[in-house]
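The block underneath contains the structure these notes are about, expressed in structure tokens.
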Amino acid sequence: MTTTTTRPPTPSTDRTSPGTLKRTLRLARTEFILFVRYKTALMYLVMPLILFLPLLSTPSVPVFGDFTTHDLTLASAVIGIGLMLGIGHPSNVFAARREALVLKRLRVSGIPQTAIFGGVTVVVVLFSLAMSVLILGAVAALGGSLPADPVMLVAAVLLSAVAMSLVGLLITPLVRSAESAQMFSVVPMMGLLLTGGVFFPLDLMPEPVRLVAQFLPVAPAAEMAQAAYTGYDVFGGYEGAEALGAAALWGSALPSLGVMLAWIVVLSLLVRRYFKWDPRQP
């Protein structure tokens, strides 16, 4: 008669790897610390204020209701923050990390690319929202009005910051270094600022240009920000804009929301397909 001895199960020493969300938040915390220490990133926070101050010094013209061109410029400025920061910061830091082989080590370590990209995107969104709150809070403290629909304004800033971060990531495969990323990023940055209704109202543009600009990933967010700040339906232009309730205003914003979400999906697929993890060959 043979006796079969069974060994007690050996306790597993393998730990369950954290999920993508937890890794994204961990990387976002690290990105936050690096952002605060990175002087170039802080420059992208100050640039919108420098660019928009001259516009606020121009004569203020009534547009509709009690709102003037200065009010609409202010509403668009919060979108400009996410635009400049989103395009400038990710393209710069990812180009530098790629050349230093940091991205390759992250990729080999098993961290999903969603977490790697998500960490820096979260930081861009947080700082864009923080700067928007500071600007609008300062305006309110000086006697200005508060946003009529804060939730829509947050949605506009969030969608714009995410889309522009993806544009910044798409710049990275086209450049060789962080320095060239800084110079190259100025081209789409200024192009989108000029055609997105941020610097100049879409109503002042020629009709063919305006129709094209409405489908770029900036103008819909700028219109959402202006509608959220004023409470007026500006999605069809300033002329004849009417004050709407929250539900009606969100209904008018649905096409703009759809355009922004479609751009985020398309840009995400392009980043997934064309992003380069290895340093560019000379």
Side-chain angles (χ1 to χ4, degrees), residues 44 47-48 51-52 72-73 75-92 94 114 117-118 120-129 131-132 152-175 181 184-206 208-229 234-237 250 252-275:
Y44 289 120
M47 279 178 59
L51 292 175
F52 278 97
L72 298 175
T73 300
S76 300
V78 299
I79 301 301
I81 295 169
L83 190 156
M84 292 185 180
L85 186 58
I87 294 179
H89 180 60
S91 61
N92 185 281
F94 273 86
T114 303
F117 298 146
V120 72
T121 303
V122 168
V123 170
V124 171
V125 170
L126 289 178
F127 274 96
S128 299
L129 289 173
M131 287 296 294
S132 301
M152 182 181 291
L153 185 60
V154 169
V157 174
L158 188 151
L159 291 173
S160 175
V162 171
M164 294 302 100
S165 296
L166 293 170
V167 172
L169 291 172
L170 277 176
I171 292 175
T172 308
L174 305 176
V175 297
F184 188 89
S185 63
V186 173
V187 177
M189 190 184 298
M190 297 307 300
L192 290 172
L193 280 173
L194 294 174
T195 60
V198 177
F199 272 158
F200 306 105
L202 294 180
D203 286 7
L204 299 180
M205 299 179 181
V209 178
R210 187 180 69 84
L211 291 175
V212 173
Q214 285 180 330
F215 290 97
L216 296 176
V218 176
E223 289 182 336
M224 286 179 63
Q226 292 174 351
Y229 185 75
V234 299
F235 298 101
W250 275 97
S252 299
L254 287 179
S256 295
L257 277 170
V259 172
M260 292 303 300
L261 291 173
W263 269 110
I264 289 174
V265 172
V266 171
L267 290 170
S268 299
L269 294 175
L270 290 175
V271 169
R272 188 178 184 88
R273 172 65 179 83
Y274 293 107
F275 190 83

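To the nearest 0.5 Å, atom CG of residue Leu158 and atom CE of residue Met260 are 9.5 Å apart. Separating the OG atom in Ser128 from the NE2 atom in His89 is a distance of 10.5 Å, to the nearest 0.5 Å. In this structure, the separation between CG on Leu193 and CD1 on Ile79 is 11.0 Å, given to the nearest 0.5 Å. Atoms OG and CD1, on Ser160 and Ile264 in that order, are 9.0 Å from each other to the nearest 0.5 Å. For the atom pair CE of Met131 and CG of Leu126, the computed distance is 13.5 Å after rounding to the nearest 0.5 Å. Note that CD1 of Ile87 is 5.5 Å distant from CE of Met189, once rounded to the nearest 0.5 Å.
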Show which side-chain atoms of residues 214-229 pair as donor or acceptor with protein atoms under 3.5 Å away, not counting sequence neighbours.
residue: Gln226; atom: OE1; partner: Tyr238; partner atom: OH; Å: 3.0
residue: Gln226; atom: NE2; partner: Ser76; partner atom: OG; Å: 2.7
residue: Gln226; atom: NE2; partner: Tyr238; partner atom: OH; Å: 3.2
residue: Tyr229; atom: OH; partner: Ser145; partner atom: O; Å: 3.0
residue: Tyr229; atom: OH; partner: Ser145; partner atom: OG; Å: 3.4

Could you go through the side chain to side chain contact (heavy atoms under 4.5 Å, CB included) check for Val154 and Val157 one step at a time? CA-CA 5 Å; Val154 169; Val157 174; 5.9 Å; no

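Listed here is the closest heavy atom pair of Ser268 and Leu166: OG-CD1, 3.4 Å. What you find for Pro173 and Tyr274 is that their closest heavy atoms are CG-O, 3.4 Å. Shortest non-hydrogen contact noted between Ala75 and Val78 is O-CG2, 2.9 Å.
Counting heavy atoms from C-beta on, the side chains of Asn92 and Thr172 never come closer than 4.5 Å. Residues Pro188 and Ile171 meet the side-chain proximity criterion, which asks for heavy atoms closer than 4.5 Å. With a 4.5 Å cut-off on side-chain heavy atoms, Thr121 and Pro90 do not count as touching.
In summary, of the residues considered (Leu129, Ile81, Leu85), a side chain to side chain contact (heavy atoms under 4.5 Å, CB included) with Val124 occurs for Leu85 alone.
Shown here are the ring pair (Phe, Tyr, Trp, His ring centres under 6.0 Å) partners of Phe275, two or more places apart in sequence or in another chain: Phe94, Phe117, Trp277.
Although no hydrogens or angles enter the test, the distance criterion places a donor-acceptor pair under 3.5 Å between the side chain of Ser91 and the main chain of Gly88.
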